[in-house]
Participant: 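I'd like to ask you about the structure that follows.
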Amino acid sequence: MNTSQIELSHHVPIPLRAIVLSHGWCRLLPLRWDEEEGLLFRTEQLSTQVVELEIRQAGERALDCTVRAAQPLSAADEAGLAARMRWMLSLDADLAEFYRLCQAEPRLAHVPREHKGRILRSPTLFEDTIKTICTTNTTWAQTKGMVGRLVEHLGAQGPLDEHRAFPTPQAIASAGEDVLLGTVRLGYRAPYVHQLAASVAGGELDLEALRTSSEPTAELRKRLLAIKGVGPYAAATLLNLLGRYDHIGVDTWARKLVSSQFHGGQPVTDADVQAAFESFGPWRALAFYFYEWDEG
DNA sequence: TTCCAGGGGTAGA
DNA sequence: TCTACCCATGGA
């Protein structure tokens, strides 16, 4: 086993725990979060091998990543992994304007004070899209099950036997719809996930280009809605993961929080959810993610 | 048995 | 743009 270290540093503090716990993704394979030790694990597939990542806080403005691999890493591998991790942890986000807005809201004052506001995402938009589709019209327990089975059955084996990487578009496409339905148990999502994987694997859809697109958010949203299985909720969630925070992905959970916090437990519409964070303008969704909700 | 979960596709208006 | 209806899955 070859072990190497990659250091990720930044000019501002980067609180690993706050980034990891920004939303539910840390509970979906191939990510694993060790709360006691403050360690983020991920099994990651490179072009030549699968590696095991272990990320930890290393001072206020730096993270250390231990990479375990069967074969020595090339310089290109290391640079590629560093870029993927910077994307995963949203280290490129400039939050100065959002922090100014947070100063006026007591329930968000912790955000600038504790240097929060970065959200956890997958290295590829492909993985984030499939995970988002697996959150629709189901419970978290089932989402974890669907994503877990996808990784266990179709992901490439890592250097530590027990863990696997997120499956490639090719792996999902070639597995076929029957496996996605019968083994992975994606339900009615199976044809959507298969079609997405096939179009990415076949080169008809360049999902990853959207990560660096400078198109207006409305145009980006249209592209996401064109994907079967992606509706208004999923599109908003994916836009958030692309660093466009002007629209909150409204699901039953968001409605419940906004209902109890702002409307005395009365039913709320999607527009009510957006309106609750209107003052945050293009930072609306980020304010929603980090808002300190009352218990219950 | 029925309901519903961090919704979405489709048809029809 | 809005509504009704259907969609697999599994826990309550």
Side-chain angles (χ1 to χ4, degrees), chain A residues 20-29 31 33 119-122 127-154 172 175-199 205 207 218 220-242 244-245 247-263 265 267-277 284-296:
Chain A
V20 168
L21 298 180
S22 57
H23 63 131
W25 259 208
C26 65
R27 290 176 285 172
L28 298 180
L29 289 177
L31 287 168
W33 169 244
I119 58 176
L120 186 63
R121 47 194 182 182
S122 304
E127 180 177 333
D128 274 340
T129 305
I130 288 180
K131 285 180 170 175
T132 300
I133 290 174
C134 288
T135 66
T136 60
N137 195 26
T138 190
T139 59
W140 254 107
Q142 292 200 65
T143 297
K144 282 197 285 185
M146 286 186 263
V147 173
R149 288 187 293 273
L150 207 48
V151 170
E152 293 307 317
H153 291 289
L154 302 177
I172 295 176
E177 212 175 297
D178 292 349
V179 170
L180 297 179
L181 186 59
T183 305
V184 186
R185 305 207 295 280
L186 295 182
Y188 67 93
R189 304 164 196 81
Y192 304 151
V193 168
H194 185 255
Q195 186 179 336
L196 175 63
S199 60
L205 177 62
L207 258 190
L220 223 42
R221 181 168 182 273
K222 282 183 192 169
R223 292 185 189 279
L224 293 168
L225 287 172
I227 299 169
K228 296 287 187 191
V230 174
Y233 155 78
T237 301
L238 290 170
L239 285 171
N240 295 165
L241 293 170
L242 287 169
R244 314 288 184 112
Y245 307 114
H247 200 267
I248 298 167
V250 180
D251 49 27
T252 55
W253 186 57
R255 285 191 200 94
K256 183 179 162 191
L257 289 174
V258 170
S259 168
S260 63
Q261 188 81 38
F262 299 101
H263 294 271
V268 296
T269 64
D270 290 15
D272 292 332
V273 175
Q274 307 298 338
F277 291 92
R284 225 173 260 125
L286 222 42
F288 171 80
Y289 279 123
F290 288 94
Y291 194 84
E292 286 184 325
W293 304 94
D294 286 334
E295 295 300 317

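Naming: A, B, ... by sequence-line order, numbering from 1 per chain.
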Participant: Judged by atom type as modelled, is there a donor-acceptor pair below 3.5 Å linking the side chain of A/Q274 to the main-chain atoms of A/H247?
Facilitator: no
Participant: Please list all pairs meeting side chain to side chain donor-acceptor pair (under 3.5 Å) that have one or both residues in residues 129-139 of chain A, counting only residues at least two apart or in different chains.
Facilitator: A/E127-A/K131, A/T135-A/Y233
Participant: Near DNA chain B, counting only heavy atoms under 4.0 Å, which residues of residues 185-196 of chain A show up?
Facilitator: A/Y188, A/Y192
Participant: Taking ring pair (Phe, Tyr, Trp, His ring centres under 6.0 Å) as the definition, give me every residue that meets it alongside A/Y291, ordered by chain and number, with sequence neighbours left out.
Facilitator: A/F262, A/F277, A/W293
Participant: Taking atom C1' in both B/dC3 and C/dC7, what distance in whole Å separates the two?
Facilitator: 15 Å
Participant: Applying side-chain hydrogen bond (donor to acceptor under 3.5 Å, both in side chains), can you list everything that pairs with A/E152, at least two apart in sequence or on another chain?
Facilitator: none
Participant: Mind running side chain to side chain contact (heavy atoms under 4.5 Å, CB included) on A/L257 and A/V273 for me, showing each step along the way?
Facilitator: CA-CA 9 Å; A/L257 289 174; A/V273 175; over 6 Å; no
Participant: List the residues meeting side-chain hydrogen bond (donor to acceptor under 3.5 Å, both in side chains) with A/R185, not counting sequence neighbours, and say none if there are none.
Facilitator: none
Participant: Using atom P of each nucleotide, how far apart are B/dG6 and C/dC2 to the nearest Å?
Facilitator: 25 Å
Participant: In whole Å, measure the gap between the P atoms of C/dC5 and B/dC4 for me.
Facilitator: 16 Å
Participant: Just jot down the salt bridge (charged side-chain N to carboxylate O under 4.0 Å, His left out) partners of A/K144, sequence neighbours excluded, or say none.
Facilitator: none
Participant: Apply side-chain hydrogen bond (donor to acceptor under 3.5 Å, both in side chains) to A/Q142 and list each qualifying residue two or more places apart in sequence or on a separate chain.
Facilitator: none
Participant: In residues 132-143 of chain A, which residues come under 4.0 Å of DNA chain C by heavy atom?
Facilitator: A/N137, A/Q142
Participant: Expressed as a whole number of Å, how far does the C1' atom of C/dG10 sit from that of B/dG9?
Facilitator: 22 Å
Participant: For DNA chain B, whose closest nucleotide is more 5', that of A/A254 or that of A/G229?
Facilitator: A/A254
Participant: Regarding A/V250, tell me which of base, sugar-phosphate or nothing describes its non-hydrogen contacts under 4.0 Å with the strands shown.
Facilitator: nothing
Participant: Distances under 3.5 Å only, N/O to N/O: pair up the protein atoms with those of nucleotides 11-13 of chain B.
Facilitator:
none

Participant: Using a 5.5 Å cut-off between ring centres and planes within 30 degrees, is A/W253 stacked on the base of B/dG6?
Facilitator: yes
Participant: Have A/N240 and A/T237 got a donor and an acceptor in their side chains that come within less than 3.5 Å?
Facilitator: no
Participant: With sequence neighbours excluded, what pairs up with A/D128 under the side-chain hydrogen bond (donor to acceptor under 3.5 Å, both in side chains) test?
Facilitator: A/W25, A/S122
Participant: Between protein and nucleotides 1-3 of chain C, what N or O pairs are separated by less than 3.5 Å?
Facilitator:
none

Participant: Taking NZ from A/K256 and P from B/dG7, how many angstroms apart are they, rounded to a whole number?
Facilitator: 12 Å
Participant: Would you please name every residue forming a salt bridge (charged side-chain N to carboxylate O under 4.0 Å, His left out) with A/R244, sequence neighbours left out?
Facilitator: none
